[in-house]
Amino acid sequence: FLMRFIGLANTLIVARLLVPEDFGLIAIGFTALQILQGFSDFGVSQYVVKHHDANRDDYETIWTFSLLRGVGLACLMALLGPVLAYFFHEPRLVWMFLAIALMPLLEGLLNPKFYEFERALNFSREFIAIGLNKFVAVAVSITMALILRNYWALIAGAIAGGLVQLLLSYIFIPFRPRWSFKSKHKVFGFAGWLTAAGALITFNLKLDALIIARLFGAGPTGGFYLGMQLAQLSTNELATPLSRAIFPGLSEQQADDHAMVRTCLGGVEAMAAIAMPMAVGMGLLASDLVPLFFGPGYEKAIPVLHYVAPILGIYFLSDPIRPLVIAKGQTKIIFWRELWYLVIRLPSFIIAALLWGYMGAVIARALSGLGQLFLNLMMYRHVTGRSAFEPLLRAWRSLFAITVMIAWFLLLRDYFPQVPTPLRLLGVLIDASMGALIYSVAHLLAWRWAGYPNGVERQILSRLPKIKHHLPERN
């Protein structure tokens, strides 16, 4: 939350200093890099977490492959610059891609032993490393934005942050890697299907911005990119750490299928209770949030938040299913799931964009989230042999509370006095507070009707000193 808050503050400040076209150019450059990274990611962190017996040969082999990958990606980015500059009619992309090429080089040099902290569920060192990374990146971005007033500010910030993270990875856990291929069969035996699945995941998530850039130009792409960043504000920043926290526990429980399912469903419940209402609330308040914080010129971000954010919130309740599948060693299923998703969504997105323009693309992106949810539920059924709808049933209290909150905003809010436009910030705070209050009350009522089960409500309330001793027993 702290990292996302700092990042959001950076976006708010920089967006005021730059124009949507700058974000559109950044979206093209970073999206191209992320796609290349996805197609070559062999799961360094997952390997370290899953293999408790990893030795020096394993770490050196991982480091060697990571370095080769970084060099290869840097070369590809340098070569792609002129090609995409011609394709998008943007000559500025040539030098931008050369600068962005430094980022995979820094990532390729990272210390693989740093992920041992994750395996031990010791996230304090990572918090410090990422915190300093983000702080430096934000400081450099804002400083350069004040000086240059263009997209180079964001690139400079990203490179500075990557350099800090690289240095800290070796400071926190000293390691002198050497060039080695001794464990190549062991490493690639684990990485095969996971790498292929990662490539498809990245392709599914990142290709939209490039298609919009080609069809509608840099301005709408900047709005779409910013809208997606905000839409993923609550989901990604909760889903990513939650999945990473669940995965080591699932790896420890590999001999107990029932315990693994219980852990996965606990993650589903947590995602539904916390991330989903934040995403839905973001969508409901989009018309006020974007003009208030980003000013004129970013109107294209509003429909992205309206339609994509709520469905992302619903989809991400199923996100803990993926670490369950990886812990069970059935990564091939993830590959096929992503392949089916790509085959269905990519043609639909392109057709919708061609027929109905920018709004058609946004609606298609939103509806694809429901397809992702369905495929995740089918994957859960395949690896557990249980009902595909079990995760949804586990989250029923959150879904009920979300429905009540949506009903308030869509049916009842307009009957109450509205805050004048000059006090728009106060109005947003009141609406957000009312939404949170209504959601919380509805959630607690559903918990009571369910007989006070040992769910996320009890987990949260038990951490409040004045309440934990008065919690009702389960009926």
Side-chain angles (χ1 to χ4, degrees), residues 38 41-54 58 62 112 115-121 123 183 185-205 235-236 238-272 275 315-342 371-395 456:
D41 182 15
F42 57 93
V44 174
S45 63
Q46 293 97 327
Y47 182 92
V48 175
V49 172
K50 184 174 175 60
H51 292 84
H52 294 249
D53 60 343
D58 297 337
I62 291 172
Y115 298 107
E116 289 182 353
F117 292 121
E118 180 180 341
R119 185 173 65 201
L121 292 176
F123 292 102
S183 295
H185 297 297
K186 184 178 178 182
V187 171
F188 276 101
F190 169 81
W193 286 107
L194 193 60
T195 301
L200 291 176
I201 290 172
T202 305
F203 208 59
N204 277 321
L205 292 177
T235 49
N236 275 2
L238 282 173
T240 301
L242 180 63
S243 296
R244 294 182 62 199
I246 288 175
F247 182 54
L250 290 169
S251 296
E252 291 284 350
Q253 298 170 339
Q254 291 179 64
D256 188 343
D257 287 342
H258 180 71
M260 294 180 75
V261 170
R262 186 172 63 246
T263 299
C264 174
L265 292 178
V268 168
E269 188 175 348
M271 282 297 300
Y315 155 70
F316 264 102
L317 69 85
S318 68
D319 195 68
I321 294 173
R322 187 171 183 269
L324 171 67
V325 176
I326 296 175
K328 281 180 161 290
Q330 300 188 38
T331 51
K332 182 178 179 180
I333 300 172
I334 298 177
F335 169 80
W336 287 111
R337 175 250 192 225
E338 292 300 327
L339 182 60
W340 274 110
Y341 181 54
L342 178 64
Q372 284 181 292
L373 174 63
F374 173 78
L375 291 172
N376 269 8
L377 295 177
M378 293 299 104
M379 191 165 61
Y380 175 83
R381 183 183 69 175
H382 184 86
V383 300
T384 64
R386 302 160 76 104
S387 170
F389 297 101
E390 188 174 27
L392 294 180
L393 293 175
R394 183 64 177 263
V456 67

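Small disclaimer: the values here were computed from a predicted structure and weren't measured. Atom set for the values below is all heavy atoms of this structure, side chains included, hydrogens, waters and symmetry mates excluded.
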Would you please test Ile321 and Cys264 for side chain to side chain contact (heavy atoms under 4.5 Å, CB included) and show each step? CA-CA 6 Å; Ile321 294 173; Cys264 174; 4.2 Å; yes

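- Side-chain atoms of Leu265 and Pro391, non-hydrogen and from C-beta on, do get closer than 4.5 Å to each other.
- Contact detail for Pro320 and Gly267: the closest heavy-atom pair is CG-C, 3.5 Å.
- One finds the CG atom of Leu377 at 15.0 Å from the NE2 atom of His382 (value rounded to the nearest 0.5 Å).
- Counting heavy-atom neighbours within 6.0 Å of Arg381 CZ, excluding the residue itself, gives a total of 12 or less.
- Counting only heavy atoms from C-beta outward, the side chains of Asn376 and Arg322 never approach each other to under 4.5 Å.
- Separation of atoms CH2 (Trp336) and CG (Leu375) is listed at 13.5 Å; rounding is to 0.5 Å.
- Nearest heavy atom pair, residue Tyr380 against residue Arg386, reads OH-NE, 3.7 Å.
- Nearest heavy-atom pair across Met271 and Leu317 is CB-CA, 3.8 Å.
- The minimum heavy-atom distance between Met379 and Ile333, with the atom names listed, is CG-CG2, 3.5 Å.
- Considering all non-hydrogen atoms of both residues, Val456 and Ala270 come closest at CG2-CA, 4.3 Å.
- The minimum heavy-atom distance linking Leu324 with Met260 is given by the pair CD1-CB, 3.8 Å.
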